[in-house]
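Computed from heavy atoms alone, side chains included, the values below leave out hydrogens, waters and symmetry copies. For clarity, every value in this text was computed on a predicted model and none was experimentally measured.
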Amino acid sequence: MVVARSKSLFAYGKDYNSEDYEKILLLFLESAFSQLSVREQNLMKLRLVDRLSYDEVAKEKFGVTIPRVQQIEAKAIRKIRSFNGQSER
């Protein structure tokens, strides 16, 4: 699937309540998250969807230190920010 930024996400201007905008945004986010490793995807889900703290994720879910969780999260965020909307699916 190819999601072009200029034609999809920003074509709706300030109409962020549009159903089309919401669908395009979800497709873009799914594509961006597909670029992450399974570990990065799991961590981002725990942090953003389940709203767990660094401490909860580090000790209870991953068995690593808090700084390590922060490193994994930072790497995932960098990947998402650099995602250009092009996918080879």
Side-chain angles (χ1 to χ4, degrees):
M1 162 167 295
V2 175
V3 178
R5 273 186 173 170
S6 60
K7 293 182 181 176
S8 301
L9 291 179
F10 302 110
Y12 296 94
K14 299 212 183 253
D15 186 14
Y16 299 122
N17 295 322
S18 163
E19 284 184 35
D20 289 337
Y21 179 83
E22 192 173 309
K23 289 177 187 176
I24 298 294
L25 183 59
L26 286 174
L27 286 172
F28 181 82
L29 290 173
E30 285 176 5
S31 295
F33 266 67
S34 72
Q35 305 302 307
L36 303 178
S37 70
V38 173
R39 187 175 199 186
E40 291 165 339
Q41 288 178 20
N42 290 337
L43 184 139
M44 295 303 286
K45 179 191 173 291
L46 292 170
R47 292 281 297 134
L48 300 174
V49 177
D50 299 340
R51 313 260 319 158
L52 297 182
S53 68
Y54 286 121
D55 189 51
E56 293 169 319
V57 173
K59 292 180 181 171
E60 298 171 20
K61 304 294 182 183
F62 279 79
V64 297
T65 64
I66 291 172
R68 181 64 185 133
V69 168
Q70 292 170 327
Q71 287 174 341
I72 297 167
E73 182 181 60
K75 182 178 179 183
I77 290 170
R78 280 193 306 274
K79 284 183 181 180
I80 292 169
R81 283 184 178 160
S82 67
F83 180 67
N84 66 7
Q86 303 298 316
S87 178
E88 306 262 337
R89 287 192 204 187

For Lys23, all residues meeting side-chain contact (heavy atoms from CB on, under 4.5 Å), sequence neighbours excluded: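 Residues passing side-chain contact (heavy atoms from CB on, under 4.5 Å) with Lys23: none at all.
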Counterpart residues, side-chain contact (heavy atoms from CB on, under 4.5 Å), relative to Arg78 (two or more places apart):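 Listed in chain order: Ala74, Lys75.
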Distance in Å, Glu60 CD paired with Leu52 CG, rounded so as to fall on 0.5 Å steps: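 The distance works out to 7.5 Å.
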query: At what distance, to the nearest 0.5 angstrom, does OG of Ser82 lie from CD1 of Ile77?
result: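 The distance works out to 12.0 Å.
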- prompt: Are Leu48 and Leu46 connected, step by step, through hydrophobic side chains (Ile, Leu, Val, Met, Phe, Trp, Tyr) whose heavy atoms are closer than 4.5 Å?
  reply: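 Yes.
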query: Tell me, which pairs form a side chain to side chain donor-acceptor pair (under 3.5 Å) where one or both residues lie in residues 62-73, sequence neighbours left out?
result: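 The answer is Arg47-Glu73, Tyr54-Glu73, Arg68-Gln71.
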Throw together a table of side-chain donor-acceptor distances under 3.5 angstrom for residues 36-43, partners on residues two or more places apart or in other chains.
residue: Ser37; atom: OG; partner: Glu40; partner atom: N; Å: 3.1
residue: Ser37; atom: OG; partner: Glu40; partner atom: OE1; Å: 3.3
residue: Glu40; atom: OE1; partner: Ser37; partner atom: N; Å: 2.8
residue: Glu40; atom: OE1; partner: Lys79; partner atom: NZ; Å: 2.9
residue: Glu40; atom: OE2; partner: Lys79; partner atom: NZ; Å: 3.4
residue: Gln41; atom: NE2; partner: Phe33; partner atom: O; Å: 2.9
residue: Gln41; atom: NE2; partner: Leu36; partner atom: O; Å: 3.1
residue: Asn42; atom: ND2; partner: Val38; partner atom: O; Å: 3.3

Under the salt bridge (charged side-chain N to carboxylate O under 4.0 Å, His left out) test, residues paired with Lys59 that sit two or more places apart: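 Lys59 satisfies salt bridge (charged side-chain N to carboxylate O under 4.0 Å, His left out) with Asp55 only.
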